Asks: 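I have a structure here, written as structure tokens, and I will follow up with some questions on it.
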Amino acid sequence: MDISQSKRKPYVRQVKKSWWLRNSFYTGYMLREGTCIFVGAYAVVLLCGLLRLTQGPEAFAGWLTALQSPLAIVFHLLALVACLFHAKTWFSLAPKAVRIFKGEELLPEKPIIMAQYIGLAAVSVIVLLIAVLA
């Protein structure tokens with residue numbers, strides 16, 4: 001017998017749209033996932049800059065001028081906050097995803113998280129030095 005012939009009605013649990021607001025774990029998860037919108041939008045902005053760069057100096061200068069508008073500055077600040085929040089939450093999740101053993105003992109979370117922050121700082125300084133010296 002197929003399901004169209006059955007007289008039974010399956011139980012469908014009602015789920016409110018705000019289900020994730022009742023638990024702080026799910027709220028943090030949804031906020032972290034929401035930051036991907038800003039990360040993606042910023043990637044599109046950079047790709048537009050790359051496209052304008054291929055179209056010549058005037059087009060690229062126009063793109064740079066557009067980035068100096070107050071709306072663009074607010075967007076960049078929001079994107080920076082979203083990216084930093086995204087990085088912080090993923091750094092704290094890394095020890096759960098990558099389990100590193102030292103002999104028979106599991107390496108504590110703190111050194112793994114600190115190594116990521118040190119790596120982030122090192123790469124940021126290198127990129128800053130390249131940008132300043134170029």
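For clarity, every value in this text was computed on a predicted model and none was experimentally measured.
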Asks: Tell me every residue that passes side chain to side chain contact (heavy atoms under 4.5 Å, CB included) with C48, counting only those two or more places apart in sequence or in another chain.
Replies: V44, W63
Asks: Return the set of residues passing salt bridge (Lys or Arg N to Asp or Glu O under 4.0 Å) with K9 (not counting sequence neighbours), or none when no residue passes.
Replies: none
Asks: How close do I113 and P95 get, counting heavy atoms only, and between which atoms?
Replies: CG1-CG, 3.7 Å
Asks: Please check if M30 and F25 belong to a single hydrophobic cluster, counting links between Ile, Leu, Val, Met, Phe, Trp and Tyr side chain heavy atoms closer than 4.5 Å.
Replies: yes
Asks: Are L64 and L46 grouped together when hydrophobic residues (ILVMFWY) are joined by side-chain heavy atoms under 4.5 angstrom apart?
Replies: yes
Asks: Quick check on the hydrophobic clustering: are V74 and V45 connected, directly or via other members, by side-chain heavy-atom contacts under 4.5 Å?
Replies: yes
Asks: Check side chain to side chain contact (heavy atoms under 4.5 Å, CB included) between S124 and all other residues, then give those that pass, not counting sequence neighbours.
Replies: L120
Asks: Any chance you could pull the hydrophobic cluster mates of L77, using side-chain heavy atoms under 4.5 angstrom and chaining through other members?
Replies: I73
Asks: Tracing side-chain links under 4.5 Å among I, L, V, M, F, W and Y, which residues wind up in one group with I100?
Replies: V98, L107, I112
Asks: Give me each pair satisfying side chain to side chain donor-acceptor pair (under 3.5 Å) with a member in residues 31-45, each pair once, sequence neighbours excluded.
Replies: T35-H86
Asks: Counting only heavy atoms not in F101 (residues, nucleotides, ligands), do more than 12 fall under 6.0 Å from its CZ?
Replies: yes
Asks: Compile the donor-acceptor pairs under 3.5 Å between side chains in residues 10-22 and protein atoms, sequence neighbours left out, one pair per line.
Replies:
{"from": "W20", "atom 1": "NE1", "to": "K17", "atom 2": "O", "distance (Å)": "3.3"}

Asks: Please list, chain by chain and in numerical order, all residues satisfying side chain to side chain contact (heavy atoms under 4.5 Å, CB included) with L80, sequence neighbours excluded.
Replies: L84
Asks: Go through the structure and list residues passing ring pair (Phe, Tyr, Trp, His ring centres under 6.0 Å) with Y29, not counting sequence neighbours.
Replies: none
Asks: A66 and A72: which non-hydrogen atoms are nearest, and at how many Å?
Replies: O-CB, 3.5 Å
Asks: The criterion is ring pair (Phe, Tyr, Trp, His ring centres under 6.0 Å); which residues satisfy it with F38, sequence neighbours excluded?
Replies: none
Asks: A side-chain contact here means heavy atoms from C-beta on lying under 4.5 Å apart; do L51 and L47 qualify?
Replies: no
Asks: List the residues meeting side chain to side chain contact (heavy atoms under 4.5 Å, CB included) with A59, not counting sequence neighbours, and say none if there are none.
Replies: R52, Q55
Asks: Would you mind listing every ring-ring contact (aromatic ring centres under 6.0 Å, His included) that reaches into residues 112-134, with sequence neighbours excluded?
Replies: F91-Y117
Asks: What are the two closest non-hydrogen atoms of F60 and G49, and how far apart are they?
Replies: CD1-O, 3.7 Å
Asks: Are L67 and L78 connected in the hydrophobic side-chain network, where two residues link if heavy atoms are under 4.5 Å apart?
Replies: yes
